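Labels below follow one simple rule: chain letters A, B, ... track the order of the sequence lines, proteins then strands, and each chain is numbered from 1. These numbers come from a predicted model, not from an experiment.
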Protein chains: 2
Amino acid sequence: MYRIGELASQCDIKADTLRFYEKHGLLAPSSRSGSGYRLYTKDDASRLRFILRAKAVGFTLNEISELLSIELDKANWACADVKGMVDNKLEQVTAKIAELTQFANSLQSLSNACCGGPDSAEHCSILEALESEDKQLSAKNETSHKGHHHAVK
Amino acid sequence: MYRIGELASQCDIKADTLRFYEKHGLLAPSSRSGSGYRLYTKDDASRLRFILRAKAVGFTLNEISELLSIELDKANWACADVKGMVDNKLEQVTAKIAELTQFANSLQSLSNACCGGPDSAEHCSILEALESEDKQLSAKNETSHKGHHHAVK
DNA sequence: CTTGACCTTAGATTAAACTCCAAGGTTTAT
DNA sequence: ATAAACCTTGGAGTTTAATCTAAGGTCAAG
Ligand SMILES: [Zn+2]
Ligand SMILES: [Zn+2]
Ligand SMILES: [Zn+2]
Ligand SMILES: [Zn+2]
């Protein structure tokens, strides 16, 4: 039996987090001491580790709730259900990566176009690009003479 | 002069969003009609487009506020400042991509290990992997016989 | 028997970017 | 004149995952 602080430090999380998980139905201690302290069993600890592993692969707490309810009633679920959740998540993650990659490419183009020097930003290519649609930066702009209108040191 | 709904539909956002931007100091209409309607000028519209372009490359609204204050006082800022913000953001975005790529890899491994069939999840490799540390899935697991303990159709 | 570390609760706060609502005033067209 | 479409305000709700606060009980050591 672990008290909340013990289990928390064992798993490198805060006691607050454990109370939060309890409030949201992810993990309740199996019992309480006479004075009301939460007491977690080894099974509770395993369940927590399941939660943390699922978090580590990107599932949200809501999704982990679903996963836990499957876990407790495996016989009534199919591999297809479980794999479906994983594939679904993978799709979301992949979509987010695509969006961020777009951002990264645009940012890289902006960065490439700017000299980054100490001179006034009055003709900064980054600002100009944000000001008007037409002044787009291409991703292959790396060898440009930095697009600036002032001399490069 | 555009009314809020006009400008919003022109830029493919909602009037609510414009009010939100105003409340957060990003964009205020230059004037109001006698009856209190917001009236936006062409300059206001340009500023909005600046905001939307900055959003499209991944900046948060707070960062866009900074960018806007530089934009309005270019002479007192250097290219280095602007490029610094861009490079900083690029670093953040890159870090997030790395994290998500980790997630994607783990999820792919989990997915690869599961047959995804209609049989009971009692021996589902995904669940087993989440249950215990040791049963890790490798990313190169694709050619495995799906790790399941039940027959594949 | 007191100090310090630990525990309890309910509820507020954080960040991000909207989105929606109610209750009412204005414009425009028919 | 009346309906439809638009506008106003303040404030609440959404999502995610905690984190923090206040006010107080419990426990082991010295
Ligand atoms: Zn420059
Ligand atoms: Zn520049
Ligand atoms: Zn299977
Ligand atoms: Zn399976």
Side-chain angles (χ1 to χ4, degrees), chain A residues 1-40 44 48 50-68 88-89 92-93 95-96 99-100 103, chain B residues 1-40 44 48 50-68 88-89 92-93 95-96 99-100 103:
Chain A
M1 297 295 222
Y2 316 105
R3 286 188 314 184
I4 196 168
E6 280 174 302
L7 180 57
S9 69
Q10 240 177 67
C11 291
D12 213 36
I13 58 175
K14 298 199 181 174
D16 270 338
T17 303
L18 248 8
R19 288 191 203 99
F20 176 82
Y21 287 172
E22 182 175 350
K23 190 159 50 179
H24 288 74
L26 281 109
L27 176 66
S30 292
S31 58
R32 294 281 185 133
S33 75
S35 54
Y37 286 17
R38 288 168 178 81
L39 295 173
Y40 296 88
D44 296 335
L48 175 58
F50 182 102
I51 293 168
L52 297 177
R53 267 177 229 117
K55 246 174 69 73
V57 303
F59 285 109
T60 66
L61 298 186
N62 276 345
E63 289 160 346
I64 294 172
S65 285
E66 272 190 78
L67 241 18
L68 282 167
N88 210 289
K89 191 73 202 176
Q92 286 170 40
V93 170
K96 192 71 189 174
E99 187 193 3
L100 293 180
F103 286 171
Chain B
M1 296 296 223
Y2 317 106
R3 287 191 313 187
I4 196 168
E6 279 173 302
L7 181 56
S9 71
Q10 239 177 67
C11 291
D12 214 37
I13 58 175
K14 299 197 181 178
D16 270 337
T17 303
L18 248 8
R19 287 189 204 100
F20 176 81
Y21 287 171
E22 183 175 347
K23 191 159 48 180
H24 287 74
L26 282 111
L27 176 67
S30 293
S31 57
R32 294 283 185 128
S33 76
S35 54
Y37 283 19
R38 289 168 177 83
L39 295 174
Y40 297 88
D44 296 335
L48 175 57
F50 182 102
I51 293 167
L52 297 178
R53 269 176 226 118
K55 247 175 69 74
V57 303
F59 285 108
T60 65
L61 298 188
N62 277 345
E63 290 159 345
I64 294 171
S65 286
E66 271 191 79
L67 242 18
L68 283 168
N88 210 290
K89 190 72 203 176
Q92 286 171 39
V93 169
K96 191 72 189 173
E99 187 193 3
L100 292 180
F103 287 171

Nearest 0.5 Å, what's the [atom1]-[atom2] distance between [X] and [Y]?
X	Y	atom1	atom2	result
Ser33(A)	Leu39(A)	OG	CG	5.5 Å
Leu27(A)	Tyr21(A)	CG	OH	9.5 Å
Gln92(A)	Leu100(B)	CD	CG	11.0 Å

- Query: Is Glu66(A) paired with Lys89(A) through a side-chain N to carboxylate O contact shorter than 4.0 Å?
  - Reply: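 No, this pair does not count.
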- Message: One thing to verify: whether Glu99(B) and Lys96(B) come together as a salt bridge, which I'm taking to mean a side-chain N less than 4.0 angstrom from a carboxylate O.
- Response: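 Salt bridge: yes.
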- Residues within residues 13-30 of chain A bordering DNA chain D, heavy-atom distance below 4.0 Å: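 Within residues 13-30 of chain A, the residues near DNA chain D are Lys14(A), Asp16(A), Thr17(A), Phe20(A), Tyr21(A).
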- Task: Anything under 4.0 Å to a heavy atom of chain A counts; send over the first and last such nucleotide of DNA chain D, read 5' to 3'.
- Result: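 First-to-last contact on DNA chain D, by the 4.0 Å heavy-atom rule, is dT16(D) to dC27(D).
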- Task: Starting from the 5' end of DNA chain C, give me the residue, Thr60(B) or Leu39(A), whose nearest nucleotide shows up first.
- Result: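 Closest to the 5' end, via its nearest nucleotide, is Leu39(A).
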Counting only pairs under 3.5 Å, give me each side-chain donor-acceptor contact of residues 4-14 of chain A, with atom names and distances, residues two or more places apart or in other chains.
unit_1: Glu6(A); atom_1: OE1; unit_2: Arg3(A); atom_2: N; d: 2.6
unit_1: Ser9(A); atom_1: OG; unit_2: Gly5(A); atom_2: O; d: 3.4
unit_1: Ser9(A); atom_1: OG; unit_2: Glu6(A); atom_2: O; d: 3.2

What is the separation between atom [atom1] on [X] and atom [atom2] on [N], rounded to the nearest whole Å?
X	N	atom1	atom2	result
Leu61(B)	dC18(C)	CG	C1'	9 Å
Arg3(A)	dA5(C)	CZ	C1'	9 Å
Asn62(B)	dT14(C)	CG	P	14 Å
Ile4(B)	dG25(C)	CD1	C1'	16 Å
Tyr2(A)	dC7(C)	OH	C1'	19 Å

- Under 4.0 Å between a side-chain N or O of Arg38(A) and OP1 or OP2 of dC7(C)?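 For Arg38(A), the contact criterion (side-chain N or O under 4.0 Å from OP1 or OP2 of dC7(C)) is not met.
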- First of Phe59(A) and Gly5(B) reached from the 5' end of DNA chain D, by closest nucleotide: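 Nearer the 5' end of the strand: Gly5(B).
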- CA sep, side-chain torsions, deciding dist, call: Leu26(A), Ser65(A), side chain to side chain contact (heavy atoms under 4.5 Å, CB included): CA-CA 6 Å; Leu26(A) 281 109; Ser65(A) 285; 3.9 Å; yes
- Let me see the working for Tyr40(B) and Leu48(B) under side chain to side chain contact (heavy atoms under 4.5 Å, CB included), right down to the final yes or no. CA-CA 10 Å; Tyr40(B) 297 88; Leu48(B) 175 57; over 6 Å; no
- Query: Would Leu67(A) and Phe50(A) satisfy side chain to side chain contact (heavy atoms under 4.5 Å, CB included), going step by step from the backbone distance to the final call?
  - Reply: CA-CA 10 Å; Leu67(A) 241 18; Phe50(A) 182 102; 4.2 Å; yes
